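These values consider heavy atoms only, across backbone and side chains, with no hydrogens, waters or symmetry-generated copies. Because the structure is a prediction, the values reported are computed rather than measured.
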Amino acid sequence: MSETLKPKSPGRSERHSAAWGKRLSILLLLLLTESAFAQNGEGGRAVGKFAPDLAPTVARAHRGAAPSETVKVIVQYKQVPQTEQEGKVQRLGARLNHRLHSVRGIALTIPVSALPALEADPEVLSVSIDHPMKGLDEVTDVAMGVSAAWNAGYNGAGIGVAVIDSGINDNHPDLRDSTQSTSRVVYHQDFTGTATSNSNGAKYDLYGHGTHVAGIIGGNGYLSSGNYAGVAPAVNLVDLRVLDLNGSGSDSNVIAAIEQAIALKNTYNIRVINLSLGRGIFVSYTQDPLCQAVESAWKAGIVVVVAAGNYGRVSVNGSNGFGTITAPGNDPYVLTVGAMKSNGSSSPASETKASFSSKGPTTYDHVVKPDIMAPGNGIVSLSAPGATLESQYPNELLTGSDGNSDYLSLSGTSMATPAVAGAVALLLQQNGGLTPDQVKARLMKTTYKAFPLSTAAWVPHLFQNFTDFYDLFSVGAGLLNVQAAMSNNNLAPATVGAALSPAVSYNPTNGTVSLVQGNGSVAAGSVVWGSSVVWGASVVWGASVSGSSVVWGASLPWNSNLLSAFSVVWGSSTGTGTQATSVVWGAAVSSTDGAFTDAGDDEQ
């Protein structure tokens with residue numbers, strides 16, 4: 001971490017508009033987040049064959065919904081659906097949107113009135129909403145260094161990274177090879193069914209988010225004399241477009257893209273998937289088709305790197321931003337990334353948590369997230385001329401050596417995620433035999449962990465000061481340290497699931513919050529960082545973590561039963577009663593809208 005990879009433009013204002021969406025009032029933000037992260041329904045468990053957030057729609061079906069009323073769903077079967085099953089739902093008036101074999105399902109637009117027929121079909125296992133998705137952008141400042149890896153000759157060459165996003169504009173010179181003759185974007189595929197070019201000259205990426213993400217992973221800095229180079233500047237990029245010109249998509253788009261990345265793994269040596277997108281959590285990760293899809297990629301040998309979300313400032317009933325991790329970052333297999341800010345310095349000691357970055361534990365399952373932090377504030381990366389973001393936020397554009405607006409400043413866990421994806425590519429170039437679990441464990445073990453107890457950030461346009469503590473639900477294992485990761489030779493077990501993010505459990509008898517080893521389907525001993533396994537919790541999360549079974553000190557807001565955050569995150573002190581209204585256990589607020597809406601907040 002010796003030098004700044006993504007410097008800020010001198011004299012540029014630190015404040016800019018949100019990367020997508022309009023600015024919202026705090027009240028609206030609270031309402032959106034409450035519906036996204038505080039769902040009811042049997043602790044996130046399905047009711048019958050239907051996911052809990054489908055319950056109101058199913059009720060309308062039984063009352064006699066209008067034939068014209070439709071809903072987008074993902075139907076999962078006991079076996080991979082064949083022509084017979086597709087024909088059956090089409091006779092019900094459904095339109096087939098995607099075949100999703102990795103989750104034994106199909107994505108449909110189906111009349112609400114036909115939902116009872118799905119319940120009655122003995123071959124149908126479950127039905128969930130095909131939730132809308134958006135990219136995760138926010139506003140902050142950050143810096144990150146990878147010079148030691150570059151000096152050792154590692155640049156990501158030969159590694160394929162699948163960018164599942166809004167597309168990649170492969171005309172940018174920073175995405176060509178060293179001879180400037182060939183694009184390193186080796187494959188394009190659209191899953192949105194929308195236009196891939198516009199009259200403003202945008203091609204492949206009409207929103208601008210995916211190109212920016214791709215530049216953080218693998219831009220070579222050609223038009224900036226290397227100042228705005230990405231983390232792995234020789235990597236090959238596979239463009240799987242799932243977000244449209246407004247940054248919107250759906251679960252089924254993303255699942256279909258993940259399946260294609262798996263199918264193309266050997267063709268393009270795809271070892272990494274970057275998912276700088278997400279939505280609210282509506283069911284346990286064990287029942288979410290989106291989470292099942294990322295697990296299938298992980299089990300296929302692909303490291304899946306996912307944004308944590310941008311809801312760390314949201315305080316539902318006094319939760320102080322805890323319990324706001326987004327899906328599929330809630331899945332224990334994947335590497336979930338939160339965002340840090342540099343405060344104008346390249347020193348790790350100057351990095352502080354970006355207050356917008358979402359905090360764990362995860363809704364329903366109490367998984368410890370995020371796993372790791374990376375730079376995510378004020379990141380300068382590639383622009384996509386003619387795309388939505390560039391036209392909406394011209395003040396954030398920066399000029400390249402050709403005199404054009406070749407670069408753009410954005411912020412968010414969307415920007416932190418590709419920084420980690422690029423680091424994974426460097427690590428796999430160095431040692432191609434590492435499994436996804438070994439990569440995850442190595443990166444978490446070698447993070448920078450010397451944080452203060454807390455820091456504060458003033459957000460002028462919100463007239464509010466945000467205080468962040470540095471517990472494992474806020475910063476995970478710590479700040480990505482590429483040099484330390486590349487220098488480390490420790491190996492976690494190669495077993496799939498060896499590096500599952502553990503869950504946590506509150507014991508009301510003695511008032512402690514403890515790590516739980518594994519889950520119902522994975523042996524307890526397979527978790528790398530438990531109390532009695534390979535490295536021990538104090539190595540992964542730092543010396544502040546332990547002391548017997550207590551995960552963190554009682555002085556922090558989520559672990560003190562004297563503060564409102566405690567009851568919101570964990571439920572009542574008796575373990576009963578108010579659990580039903582806690583954020584992490586699921587609250588009595590329901591919504592079928594899983595789309596993110598950006599708060600548009602800035603830090604100074």
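The CG atom of Leu398 sits 8.0 Å away from the CD atom of Glu396 when rounded to the nearest 0.5 Å. Taking CG of Leu277 as the start and OG1 of Thr417 as the end, the distance is 9.0 Å to the nearest 0.5 Å. Rounding to the nearest 0.5 angstrom, the gap separating the OH atom in Tyr448 from the CD1 atom in Ile372 is 14.5 Å. Rounded to the nearest 0.5 Å, atoms CG (Asn253) and CD1 (Ile164) are 10.5 Å apart. Within the model, atoms OH of Tyr285 and CD of Gln287 stand 11.0 Å from one another, a figure rounded to the nearest 0.5 Å. Taking CD1 of Ile281 as the start and OH of Tyr364 as the end, the distance is 8.5 Å to the nearest 0.5 Å.
Formation of a donor-acceptor pair under 3.5 Å by the Glu390 side chain with backbone atoms of Ala384 is found in this model. Judged by distance alone, the side chain of Lys440 and the main-chain N or O of Tyr333 form a donor-acceptor pair under 3.5 Å. Checking side-chain atoms of Asp331 against main-chain N and O of Pro328 turns up no donor-acceptor pair under 3.5 Å. The backbone N or O of Ser248 sits nowhere less than 3.5 Å from a side-chain atom of Asn246 that would complete a donor-acceptor pair. Without hydrogens or angle criteria, Lys341 side chain to Gly376 main chain gives no donor-acceptor distance under 3.5 Å. A donor-acceptor distance shorter than 3.5 angstrom exists from the side chain of Thr447 to the backbone of Met444, with no hydrogens or angles considered. Under a 3.5 Å cut-off, the side chain of Ser284 and the backbone N or O of Thr286 do form a donor-acceptor pair.
By the side chain to side chain donor-acceptor pair (under 3.5 Å) test, Lys369 is found to be paired with Thr336, Asp371, Ser501, residues two or more places apart in sequence or in another chain being considered. With sequence neighbours excluded, the residues satisfying side chain to side chain donor-acceptor pair (under 3.5 Å) with Thr192 are Asp190, Thr194, Arg241. Every side chain to side chain donor-acceptor pair (under 3.5 Å) that Asp174 has, sequence neighbours left out, goes to Tyr407. Every residue was checked against the side chain to side chain donor-acceptor pair (under 3.5 Å) condition with Ser128, not counting sequence neighbours, and none meets it. Contacts of Thr388 classified as side-chain contact (heavy atoms from CB on, under 4.5 Å), with partners at least two apart in sequence or in another chain: Tyr207, Leu245, Gln392.
Shortest non-hydrogen contact noted between Glu351 and Leu479 is CG-CD2, 3.6 Å. Closest heavy-atom contact between Gly210 and Val163: O-CG1, 4.3 Å. When all heavy atoms are compared, the tightest approach of Pro56 to Pro52 is CD-O, 4.2 Å. Counting all heavy atoms, side chain and backbone alike, Ser383 lies closest to Leu397 at CB-CD2, 4.0 Å. Ser357 and Ala339 get closest at one heavy-atom pair: OG-N, 2.9 Å. Closest of all the heavy-atom pairs between Ala484 and Asn481 is N-OD1, 3.0 Å.
Between Thr363 and Ile325, every side-chain heavy-atom pair lies at or beyond the 4.5 Å cut-off. Within the 4.5 Å cutoff, the side chain of Asn330 has no heavy atoms near those of the Val367 side chain. You'll find the side chain of Met415 reaches within 4.5 Å of the side chain of Val213, heavy atoms only. Annotation: side chain of Ser474 is in contact with side chain of Asp471 (closest heavy-atom distance under 4.5 Å). In this structure, the side chains of Ser409 and Ile379 stay at 4.5 Å or more apart for every pair of heavy atoms. Using a 4.5 Å heavy-atom threshold, the side chains of Val482 and Leu480 count as touching. By the 4.5 Å heavy-atom criterion applied to side chains, Ile168 and Asp205 are not counted as neighbours. Within the 4.5 Å cutoff, the side chain of Leu335 has no heavy atoms near those of the Val304 side chain.
Judged by the 6.0 Å distance and 45° axis criteria, Lys359 is not positioned over the aromatic ring of Phe473. Phe356 does not carry Arg313 over the face of its six-membered ring by the limits of under 6.0 Å from the centre and within 45° of the normal.
Ionic pairing of Asp468 and Lys353 is present here: one or more N-O contacts between side-chain nitrogen and carboxylate oxygen are shorter than 4.0 angstrom.
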Give the C-alpha distance, both sets of side-chain angles, the deciding distance and a yes or no for side chain to side chain contact (heavy atoms under 4.5 Å, CB included) between Val337 and Met373.
CA-CA 5 Å; Val337 185; Met373 305 295 283; over 6 Å; no
Intermediate values then yes/no, side chain to side chain donor-acceptor pair (under 3.5 Å), Tyr470 and Thr455
CA-CA 8 Å; Tyr470 287 73; Thr455 55; 2.7 Å; yes
Going through the distances and angles, do Leu275 and Val305 end up as a side chain to side chain contact (heavy atoms under 4.5 Å, CB included)?
CA-CA 6 Å; Leu275 288 170; Val305 189; over 6 Å; no
When you look at Val294 and Ile258, which way does the side chain to side chain contact (heavy atoms under 4.5 Å, CB included) test go after all the steps?
CA-CA 7 Å; Val294 295; Ile258 291 170; 3.7 Å; yes
Check step by step if side chain to side chain contact (heavy atoms under 4.5 Å, CB included) holds for Asp406 and His172.
CA-CA 8 Å; Asp406 299 305; His172 201 295; 3.8 Å; yes
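For the side chain to side chain contact (heavy atoms under 4.5 Å, CB included) test with His212, the passing option among Ser414, Ser166, Ser381 is Ser381; the others fail.
Under the 3.5 Å distance criterion, with hydrogens and angles disregarded, a donor-acceptor pair is assigned to the side chains of Asn274 and Ser276. Side-chain contact of Asn310 with Thr413: a donor-acceptor pair under 3.5 Å is present, judged by distance alone.
Residue pairs meeting the salt bridge (Lys or Arg N to Asp or Glu O under 4.0 Å) criterion with at least one member in residues 242-254, sequence neighbours excluded, are Asp251-Arg279.
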